[in-house]
Amino acid sequence: MEKNKTKLITERIKTFDDALKEVERLAEGGNDDLGILLADYESNADNIYTKGVLAYIKLCIIAAALNGGWVPKYKEEEYRWYPWFIVWRKEELQNKSDAWIKGHNIHMFGGNSYDASICGLAFGYSSLSWLYSSLHCSACLALKNSELAEYCGKQFIDIWAEYIFG
């Protein structure tokens with residue numbers, strides 16, 4: 001076995017380019033769905049009008065690479081994980097110290113979803129003038145464990161921001 005393949009996936013996938021190479025390798029191994037995903041990436045890579053779409057496709061590629069071939073089956077007993085973010089508005093941070101901001105600006109943890117009905121493409125919900133809001137992750141961005149979800153959210157935060165804020 002090649003030395004690079006024996007490393008933990010989080011040691012091998014540090015950048016989007018690393019994830020892209022991993023998914024290309026998986027697609028060459030016969031995964032037609034990943035081949036279609038790569039074609040979607042290539043057809044949107046230079047389109048300035050689809051920045052949010054491109055970010056989503058990049059995150060799908062990253063999730064596929066980190067999952068290493070695992071694909072959710074969407075059964076009730078199956079857990080799927082994704083990064084969860086709390087993002088503060090500038091006005092909410094005005095009276096906070098730098099230390100507080102550093103510790104609280106974005107929280108990250110893995111969350112599970114065992115009910116596919118709430119795991120649709122960017123399902124959002126808000127009530128009471130944004131006092132409460134919720135955004136559920138696309139099923140294609142599901143990860144196989146909480147550690148990968150946390151890693152994906154932290155390591156690829158810039159791409160997540162492009163996806164969430166377009």
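Source: prediction; values computed, not measured.
- When all heavy atoms of Ala19 and Ile13 are compared, the pair lying nearest together is CB-CG2, 3.9 Å.
- Sorted by first then second residue, the side-chain hydrogen bond (donor to acceptor under 3.5 Å, both in side chains) pairs that include residues 15-24, not counting sequence neighbours, are Arg12-Glu22, Thr15-Asp18, Glu22-Arg25.
- Side chain of Asn31 to main chain of Asp33: a donor-acceptor pair is present (N/O by atom type, distance under 3.5 Å, no hydrogens or angles).
- Of all heavy-atom pairs spanning Leu26 and Ala64, the tightest one is CD1-O, 4.1 Å.
- Legend: residues meeting side chain to side chain contact (heavy atoms under 4.5 Å, CB included) with Ser43, ordered by chain and number and at least two apart, are absent.
- When the side chains of ILVMFWY residues are joined at heavy-atom separations under 4.5 Å, either directly or via intervening members, Tyr79 and Trp70 end up in two distinct hydrophobic clusters.
- The two atoms that bring Lys58 and Ile159 nearest to each other are CB-CG2, 4.0 Å, heavy atoms only.
- Atom CD of Glu147 is separated from atom CH2 of Trp81 by 8.5 Å, given to the nearest 0.5 angstrom.
- Without hydrogens or angle criteria, Asp40 side chain to Leu54 main chain gives no donor-acceptor distance under 3.5 Å.
- Counting only residues at least two apart or in different chains, ring-ring contact (aromatic ring centres under 6.0 Å, His included) contacts with residues 10-38 comprise Phe16-Tyr41.
- The minimum heavy-atom distance between Ala149 and Pro83, with the atom names listed, is O-CG, 3.3 Å.
- Contact detail for Ile62 and Cys152: the closest heavy-atom pair is CG2-SG, 3.9 Å.
- Partners of Glu11 according to the side chain to side chain contact (heavy atoms under 4.5 Å, CB included) rule, which considers only residues two or more places apart in sequence or in another chain, are Lys7, Leu8.
- When all heavy atoms of Asn145 and Leu148 are compared, the closest pair comes out as OD1-N, 2.8 Å.
- Listed for the Gln155 side chain is a donor-acceptor partner under 3.5 Å among the backbone atoms of Lys14.
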Working for side-chain contact (heavy atoms from CB on, under 4.5 Å), residues Leu20 and Leu38: CA-CA 8 Å; Leu20 188 59; Leu38 291 170; 3.5 Å; yes
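- With sequence neighbours left out, Asn47 forms a side chain to side chain contact (heavy atoms under 4.5 Å, CB included) with Tyr49, Thr50.
- With hydrophobic clusters built from ILVMFWY side chains whose heavy atoms lie under 4.5 angstrom apart, Leu143 does not share a cluster with Val71.
- Looking at residues two or more places apart in sequence or on another chain, you find a side chain to side chain contact (heavy atoms under 4.5 Å, CB included) between Leu37 and Leu34, Ile57, Cys60, Ile61.
- Between the OH atom in Tyr151 and the CG atom in Leu66 there is a gap of 7.0 Å [rounded to 0.5 Å].
- By the rule that hydrophobic residues join a cluster once side-chain heavy atoms approach within less than 4.5 Å of another member, Leu59 and Ile36 end up as members of separate clusters.
- Between Trp160 and Tyr163, the two ring planes are perpendicular [angle over 60°; tilted spans 30° to 60°].
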side-chain contact (heavy atoms from CB on, under 4.5 Å) between Lys51 and Glu162, worked out: CA-CA 7 Å; Lys51 184 178 178 182; Glu162 287 176 16; 4.1 Å; yes
